[in-house]
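Note that ligands are numbered from 1 as they come in the structure, with each ligand's atoms numbered from 1 the same way.
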Amino acid sequence: MVRLFLTLSPAIFRLNISPRISILATSPSLRLQKHQKHRLITKTHTFSPIAPSSSIKFHSTRFHSTGTRVYSLPKSENSKFDDNLVVLGIETSCDDTAAAVVRGNGEILSQVISSQAELLAQYGGVAPKQAEEAHSRVIDKVVQDALDSANLTEKDLSAVAVTIGPGLSLCLRVGVQKARRVAGSFNLPLVGVHHMEAHALVARLVERELSFPFMALLISGGHNLLVLAHELGHYTQLGTTIDDAIGEAYDKTAKWLGLDLRRSGGPAVEELALEGDAKSVKFNVPMKHHKDCNFSYAGLKTQVRLAIEAKEIDAKCPVSSATNEDRRNRADIAASFQRVAVLHLEEKCERAIDWALKLEPSIKHMVVSGGVASNQHVRFRLNSIVENKNLKLVCPPPSLCTDNGVMVAWTGLEHFRVGRFDPPPPASEPDDFVYDLRPRWPLGEEYAEGRSDARSLRTARIHPSLTSIIRADSLQQQTQT
Ligand code: KG4
Ligand code: ZN
């Protein structure tokens, strides 16, 4: 399936947000992608003496079979504009509605997040329809607050960046629609952002020394990725999960232990684990005998559930009301789970670093990002692994590890600078406009020598990877010049 899409990728060359309908017109076999509507808004910033977006001349560099133009900034002017670029980033891929305004020099002008913690607690996880409604209720206010706190209006922006995948399509749609509206109304270019690339690249905003190539472990509620970042938009996937991600395992453990889910499961397990004995419950480290860099957390989840049943822990009784013994049992399970869950990360990271150094010997850094990277035990343990390999660990602060608008704005800036963006959409688009959303969108191609027999079966409805799209686009450019 992936191979089929790769051959089609020249028809969908763009990283950015094109009308889905035009993709369907040229690539009927992409019908597995969902039809959705979207619009985007972007702006130019008032701070800049020279570069409000309305003054930038967008050079149309090429036309594609979709009939869509791709524009790029005149290369010689890129550096001049750098510090003066201001990008609004919008993120709605899962359960947080987030927006931020970031300047080209990395200055965070504002950051706003509306979390759906109450819904999470109520449904015991993310319910897509309810999450979509919650995003729709707050998106206008979140974006407005981000602009207000930055003391800017849309007219001050250079571009709008928005997450287009991977994630829940119902939720992605809300952010993309908002972004297109802003961009259309204020004649701003748009950048469609890969959520996992954004988790990785925000580390470059935090750590200025961090240059390509580098390694990244991206750990969140839905993803467990080990990637080698060769350059912007070019990634090799060294490992992924064959079933659940570590964040999902934290969330279920929290739910079954009767923890308060209002801050999401991970922080609740981390806190309770501090009271427990991490060696008291014997859980097996997953995939010990697989000499690859893939992950599996489904089996560990089952081990945890069985341990909870064996101790007759009642999830309906909140931990705050548990007896001392019951609380200690829960804390022991939390601590033992966390120890083994992180040991699994450690083992795979060690191997992945060895592989990566063979491919790119100049690597100096390992980024650990995504919601689970806010965990102190994760940071501490991975730091030793990374230092033993003579690399430096780069972990964004917790507020930039969990989903946020800054990472989207920053990734938008990185691509915008090199000319990867869509021109402003029309000021008004029909209600049945079809959006380019990419709910299942790999970041890079799989490292061939790292393939194992334990493979994900979830290959249906997958979009060509970000890396393959960008490569196909570059090849097309080369043949045109
Ligand atoms: O990156 P993120 O905010 O959203 C997704 O893209 O999924 O990650 C959310 C995940 C959730 O599973 C949450 O429980 C987990 O990150 N998480 C943590 C911690 N903070 C958030 N897991 C362990 N320890 C934490 N302190
Ligand atoms: Zn995330």
Side-chain angles (χ1 to χ4, degrees), residues 89-98 100 111 113-117 119-121 123-126 128 131 135 163-168 171-172 175 193-203 216-225 240-241 244-257 259-274 295 297 300-301 304 334-335 337-342 344-345 367-382 395-408 410-411 439-441 443:
I90 298 177
E91 158 62 40
T92 61
S93 66
C94 191
D95 58 342
D96 289 314
T97 318
Q111 184 179 8
I113 299 183
S114 167
S115 98
Q116 300 179 5
L119 282 179
L120 207 66
Y123 291 95
V126 182
H135 283 305
T163 304
I164 59 171
L168 299 167
C171 298
L172 290 165
V193 168
H194 191 295
H195 182 84
M196 299 313 290
E197 185 184 38
H199 271 307
L201 293 190
V202 75
L217 170 69
L218 308 174
I219 36 180
S220 66
H223 293 89
N224 232 89
L225 282 178
T240 185
T241 180
D244 294 325
I246 184 171
E248 154 72 13
Y250 265 99
D251 291 340
K252 284 293 180 318
T253 300
K255 184 176 165 185
W256 296 332
L257 287 175
L259 308 190
D260 183 354
L261 297 180
R262 276 174 299 180
R263 287 182 305 144
S264 85
V269 171
E270 180 180 17
E271 194 176 295
L272 185 64
L274 294 173
F295 301 91
Y297 281 95
L300 181 57
K301 266 168 59 181
V304 167
F337 155 74
Q338 177 163 270
R339 176 174 162 272
V340 170
V342 177
H344 187 28
L345 293 181
V367 170
V368 180
S369 185
V372 183
S374 353
N375 182 293
Q376 293 306 318
H377 180 68
V378 168
R379 288 171 176 245
F380 177 75
R381 297 290 305 195
L382 290 177
C395 253
S399 65
L400 296 182
C401 280
T402 48
D403 289 352
N404 64 85
V406 172
M407 67 186 200
V408 179
W410 177 254
T411 302
R440 305 213 39 234
W441 188 17
L443 186 52

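Nearest approach of His199 to Thr402, heavy atoms of both residues: CE1-C, 4.2 Å.
Of the listed residues (Asp403, Leu261, Ile113), the one carrying the non-hydrogen atom nearest atom 5 (C) of ligand 1 is Asp403. Closest to atom 8 (O) of ligand 1 by heavy atom, among Ser264, Gly371, Ala273, is Gly371. When Leu218, Asp96, Thr163, Asp251 are checked for heavy-atom proximity to atom 12 (O) of ligand 1, Asp251 turns out nearest.
Within the 4.5 Å cutoff, side-chain heavy atoms of Asn375 are placed close to those of Gln338. When side chains are defined from C-beta on, Leu345 counts as touching Asn224, because their heavy atoms get closer than 4.5 Å. Inter-residue side-chain proximity for Arg263 and Glu271 is flagged as met; some heavy-atom pair is nearer than 4.5 Å. You'll find the side chain of Val408 stays beyond 4.5 Å of the side chain of Ile90, heavy atoms only.
At a 3.5 angstrom cut-off on N or O pairs, Cys94 does not count as close to ligand 1. By the 3.5 Å distance cut-off applied to N or O atoms, His199 is counted among the residues near ligand 1. An N or O contact shorter than 3.5 Å links Glu270 to ligand 1 by distance. Note: no N/O pair closer than 3.5 Å links Ile219 and ligand 1 by distance alone. For a threshold of 3.5 Å applied to N or O pairs, the pair formed by Gly370 and ligand 1 contains no separation below that value.
Under 4.0 Å from ligand 1, the heavy atoms of His195 that appear belong solely to its side chain.
With Gln111 contributing its side chain and Ile113 its backbone, the two residues share no donor-acceptor pair below 3.5 Å. At distances below 3.5 Å, at least one donor-acceptor pair connects side-chain atoms of Gln116 with backbone N or O atoms of Ala131. Side-chain atoms of Ser369 do not come within 3.5 Å of backbone N or O of Ala200 as any donor-acceptor pair. Here the side chain of Trp441 pairs no donor or acceptor atom with the backbone of His194 at under 3.5 angstrom.
Ranking protein heavy atoms by distance to atom 18 (C) of ligand 1, first place goes to Gly266 CA, 3.5 Å. If you check which protein heavy atom lies closest to atom 24 (N) of ligand 1, you get Asn375 ND2, 3.0 Å. Distance from atom 9 (C) of ligand 1 to its nearest protein heavy atom, with residue and atom name: Gly221 N, 3.8 Å. The protein atom (non-hydrogen) at minimum distance from atom 15 (C) of ligand 1 is Val372 CG2, 3.8 Å.
Rounded to the nearest 0.5 angstrom, Thr241 OG1 and Ile246 CD1 are separated by 10.0 Å.
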>> Show, in sequence, the C-alpha distance, side-chain angles and deciding distance for Leu218 and Leu443, and conclude whether the side chain to side chain contact (heavy atoms under 4.5 Å, CB included) test is met.
In response: CA-CA 11 Å; Leu218 308 174; Leu443 186 52; 4.2 Å; yes

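Classification of the Phe295-Tyr297 ring pair by plane angle, with boundaries at 30° and 60°, yields parallel.
Inside a sphere of radius 2.8 Å centred on the Zn ion (ligand 2), the protein N/O/S atoms present are His195 NE2, His199 NE2, Asp403 OD1.
Residue-ligand proximity, Ser374 to ligand 1, at heavy-atom distances under 4.0 Å covers atoms 20 (N). Annotation for ligand 1: atoms under 4.0 Å from non-hydrogen atoms of Gly222 are 7 (O). For ligand 1, the atoms lying closer than 4.0 Å to a non-hydrogen atom of Gly247 are 12 (O).
Judged as a side chain to side chain contact (heavy atoms under 4.5 Å, CB included), and not counting sequence neighbours, the contacts of Arg379 are Gln376, Cys395, Pro398, Cys401.
For the side-chain hydrogen bond (donor to acceptor under 3.5 Å, both in side chains) with His135, the qualifying choice from Thr92, Asp95, Asp96, Thr97 is Thr97, the only one to do so.
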